[in-house]
Protein chains: 2
Amino acid sequence: MTAAPGPAGLLLRRLGIDTYQEPVAYLRSDCPVCKSEGFESRSRIEIWRGDAHIVATLNVVHDELIDKNQLGLSEAAWRALGGEEGAALRVGHARPLLSLSSVRAKIYGRPLGAEAAAAIMRDVAEGRYSDIEMAALITACSGDRVDLAETIALTEAMVAVGQRLDWPRDMVLDKHCVGGLPGNRTSLLVVPIVAACGLTIPKTSSRAITSPAGTADAMGTLAPVELDIPAMRRVVEREGGCIVWGGAVSLSPADDLLIRVERPLGLDSDGLLVASVLSKKVAAGSNHVLIDMPVGRTAKVRSEQAAHALTRRFRGVGEALGIAVDVMLSDGSQPVGRGIGPALEARDALAVLRGAADAPADLRQRAIQLAARLLELGGKAAPGHGLSLAASTLDSGAAWRKLRAICTAQGGMREPPRADYTQVVAALHGGRLIAIDNRRLARLAKLAGAPKAPAAGLELHRPLGSQLEAGEPLLTLHAESPGELAYAAAYAAAQDTLFTIQEAG
Amino acid sequence: MTAAPGPAGLLLRRLGIDTYQEPVAYLRSDCPVCKSEGFESRSRIEIWRGDAHIVATLNVVHDELIDKNQLGLSEAAWRALGGEEGAALRVGHARPLLSLSSVRAKIYGRPLGAEAAAAIMRDVAEGRYSDIEMAALITACSGDRVDLAETIALTEAMVAVGQRLDWPRDMVLDKHCVGGLPGNRTSLLVVPIVAACGLTIPKTSSRAITSPAGTADAMGTLAPVELDIPAMRRVVEREGGCIVWGGAVSLSPADDLLIRVERPLGLDSDGLLVASVLSKKVAAGSNHVLIDMPVGRTAKVRSEQAAHALTRRFRGVGEALGIAVDVMLSDGSQPVGRGIGPALEARDALAVLRGAADAPADLRQRAIQLAARLLELGGKAAPGHGLSLAASTLDSGAAWRKLRAICTAQGGMREPPRADYTQVVAALHGGRLIAIDNRRLARLAKLAGAPKAPAAGLELHRPLGSQLEAGEPLLTLHAESPGELAYAAAYAAAQDTLFTIQEAG
């Protein structure tokens, strides 16, 4: 059964209300179609403009904000539907969301089959899931609730609803960090090193989900990242690599939509994580993927046991989908580099590329290790010789030239912005810095405004193991507004578990 | 840490936008406080009007719908905060929702302790959970994921955040049906029978969660049900019983809020179900509760095994909270009475009370059985004599007089409304009616507009086992709008699994 467009016509009114990413429509309670269709607030309605159509959540309006013959659209609804002020629209009840019964079945403990996963991802990609329905779906698939077979089903379902790239080469590389480690922005170094050596690495990256910055957020402070598929293809054909936002190329549109709810809930799970990462790699046409997996007590992956389970999941799904997945475990005990936040992380990467005297050595080291593995995998270095090739590509300036070339090809390079408001957080007492809580540090950078405010975040001044004096600066908060600065500073002041400083005994 | 009210003052603007029950606030993107605080769409903000305050979800407005110095409020936000157009408001970031980390821990498989449950329910009751956060909470507690200890913790936490009644009597009765069986509106009969016999039964009931009508929805077509606690107390003191909406008396405000997300998700679980029911009974001051539990393949409780597990859960939680819980299993294979929908179910109850010739015998029978158990429990009938006392209280007209007296005490009795639009659904072929899908039937009544449209729903014409001719009326759809009637009729036409009619072989 498909709901047919209602008989009454309505006129588009862009209301300019930003409801985040959920499309919302506004109708007057006394408008004829509202009455005849029995619409009420939170009805899910389908809106047609010619052949274009979207599903939106209805908010009934009891005031004269809009006319009786108008249908108001939130910004997300207007972007999705398109059209101009006054365009003719038709509306009807959205068809029942049948795939939600598979979500309910999953909640009640029944496994998610391939058909159910496909139906769910089709509906998600078509925007048929409301935010609360997506929250239920994500929660049902979080924790340890999705097994390997279900992860394969979800990954294939995500690939099936998106576009898919292919390349006229046998070897197409990619790398991905599972995250949880603030500042670990190695892609901005690995992609230019690998591409400078003549390999193909069409990197699509995500915006932050639960972290203060994703690779796309950091790269976005250097160059445009919202490229469509033809533009991305041109960049890769010319430069061998790119760093673009995956959401813009619609490689995994269902996953892109799920993120809008994963982010505020701060939820992530092995199953959804692997499906999200690998669906995008398969869609991008990669066939060899290196996963950087930082392990640490307060990183996303907290133990070696968890790392091995996640590694098996990655390899199992990769095998089922025909791509080779290599996993590199790394130290996740403290942030990488100094900056946390889009622009601050980009600055760290630029310092390494430019060979600046104060460039963070840990970031450089990690990038070289990852690039080395890819260079060996791609046949550009013999086993055991990847590290020296990666280091020389960095030191010769070839990688720096390549990043500039990639930025230019993506639309032009710029310097990352600086925040107008900063505040130093000092050590309350002296002693040795023996632990850093990555999760709380990430939360602090988010309270300062990252990733939405690209210049916001924090700069860490001292690494683990440092001997500190009382009153010595531990970190500097960066914010784009005084309110956010004050809010982050209050959190930093109250959180004595952010840093563990052991006094000399 | 508590976020302090921002320095800048804003003026209240009631925008008349009905966002269902989630409080939403609207600020211009170019208003100074929006910039200085770094607010963005979906920020959770706290709004103060003097000492009154609420937490709301922000929608940033890029248009001139409101002035720069105004803070727009959705209807739910305005109801929760109070105040008049132009009242002075202050805003700040809502404090971080710390209890959400316990929800995340639960999602990741760790049990929910008493302290965590208490913190969650406090935050829920204070409106600090957004809809998607509530969706995650409910999903995490659905299916078989909450054990007895967690259910006790949730129940106690729900009781702790609400008001609590006490009565100057040793014996305070209540009954509750776990639902899932359309039309099972026995409370409208049981309460007057029991109260007419001199017992105390302060019944609070809920609006529909996943069904086409709750008891409060049906009673609401006969008399006001939104009584506050003093009014409810006066009714019970005078008449011995009442049937009021639990949401208005705030006996379990956390649960009342959870329902706004449970309803659209169509989720329900043993743990949340028991916590929801018993928290309200404890808060209402009842100490003896009879649970009506219909069991059937398409009822909420699908098997005897499930019924026994749920019974153990009810008894275990009752024991922990000091109330005696008695459970009566009943047949859940088909709807009770003829009507499904608030007014249609109320009409069935009135027919039984008035002794109408065509009164549904099954509804009468169930009500007598339940009332009998309560009369025996309350010491008004010797064991084995409850049935005859219940039947004679009904047949003498005493129960009918009592219901009218209760309705009068609640604010005045009225006749339930009739729908303007009806349509008959006929049997496609002849044969014996061997199965009815309660879930699809409930869905059909909801598509026709129930429970929001009180006159909407459906009337079933033939019970299970009936021999039908092709073209014979099976049911009549009732709707308050032609759109909903057409929508329900389309669903009925497409759903050949609604009724199973076995042709003579």
Side-chain angles (χ1 to χ4, degrees), chain A residues 1 3 6 14-20 26 29 33 35-42 59-65 74-75 93 96 100 104 107-109 130-136 138-140 142-144 261 264-267 443 449 452-453 456 479-484 487 490-491 494, chain B residues 1 3 6 14-20 26 29 33 35-42 59-65 74-75 92-93 96 100 104 107-109 130-136 138-140 142-144 261 264-267 443 449 452-453 479-484 487 490-491 494:
Chain A
M1 184 187 62
R14 183 179 171 188
L15 267 180
I17 296 178
D18 179 359
T19 54
Y20 197 58
Y26 304 84
S29 52
V33 69
K35 286 182 177 171
S36 70
E37 293 288 316
F39 288 154
E40 60 192 30
S41 280
R42 201 137 82 170
N59 279 188
V60 171
V61 179
H62 301 292
D63 209 320
E64 298 184 359
L65 291 179
S74 74
E75 291 298 281
H93 286 274
L100 193 62
R104 267 188 224 108
I107 293 169
Y108 289 109
S130 69
D131 277 2
I132 60 166
E133 288 159 347
M134 288 217 278
I138 287 159
T139 306
S142 290
D144 202 19
V261 172
L265 284 180
L267 280 180
R443 169 143 198 97
K452 276 288 171 75
E480 293 187 7
S481 77
E484 284 168 311
Y487 194 52
Y491 183 83
Chain B
M1 184 188 63
R14 183 179 171 189
L15 269 180
I17 297 178
D18 179 358
T19 55
Y20 196 58
Y26 303 83
S29 52
V33 70
K35 287 184 178 171
S36 70
E37 292 288 317
F39 289 155
E40 61 192 32
S41 280
R42 201 136 82 171
N59 279 187
V60 170
V61 180
H62 302 291
D63 208 322
E64 298 185 359
L65 290 179
S74 74
E75 291 297 280
H93 287 274
L100 194 62
R104 267 188 224 109
I107 292 169
Y108 290 110
S130 69
D131 277 4
I132 60 166
E133 289 159 346
M134 287 218 276
I138 288 161
T139 305
S142 289
D144 203 19
V261 173
L265 285 180
L267 279 180
R443 166 139 202 103
K452 277 287 171 74
E480 294 187 7
S481 77
E484 285 168 310
Y487 194 52
Y491 183 84

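Lettering of chains follows the sequences in order, A, B, ..., and the numbering in each one begins at 1. Values in this document were obtained by computation on a predicted structure and should not be read as measured data.
Annotation: maximal heavy-atom pairing with chain B below 4.5 Å, among A/V261, A/I132, A/T19, A/L100, occurs at A/I132. Taking chain A as the reference chain and counting heavy-atom pairs below 4.5 Å, the highest number among B/D144, B/L65, B/I138 is found for B/L65. Annotation: maximal heavy-atom pairing with chain B below 4.5 Å, among A/D63, A/V61, A/I107, A/I17, occurs at A/I107. Of the listed residues A/G109, A/S29, A/S142, A/A456, the one with more heavy-atom pairs under 4.5 angstrom with chain B than any other is A/S142.
Proximity to chain A involves both the backbone and the side chain of B/E484, based on heavy atoms less than 4.5 angstrom apart. If you measure heavy-atom distances from B/Y26 to chain A, the contacts under 4.5 Å come from the side chain alone. In this structure, chain B has heavy atoms under 4.5 Å from both the backbone and the side chain of A/L15. A/E40 touches chain B through its side chain: at least one heavy atom from C-beta onward sits under 4.5 Å away, while N, CA, C and O do not. Of the atoms belonging to B/A453, not a single heavy atom falls under 4.5 Å from chain A.
Summarising the geometry of B/L267 relative to A/R104, their closest heavy-atom pair is CD2-CG, 3.7 Å, with the distance given to 0.1 Å. Smallest separation of non-hydrogen atoms from A/T139 and B/A140: CG2-N, 3.8 Å.
Every residue two or more places apart in sequence or in another chain that forms a side-chain hydrogen bond (donor to acceptor under 3.5 Å, both in side chains) with A/D131 is listed here: A/R260, B/R42. For B/R14, the side-chain hydrogen bond (donor to acceptor under 3.5 Å, both in side chains) criterion is met by B/E75, not counting sequence neighbours.
Taking the six-membered ring for Trp and thresholds of 30 and 60 degrees, A/H93 and A/F39 have ring planes more than 60 degrees apart, a perpendicular arrangement.
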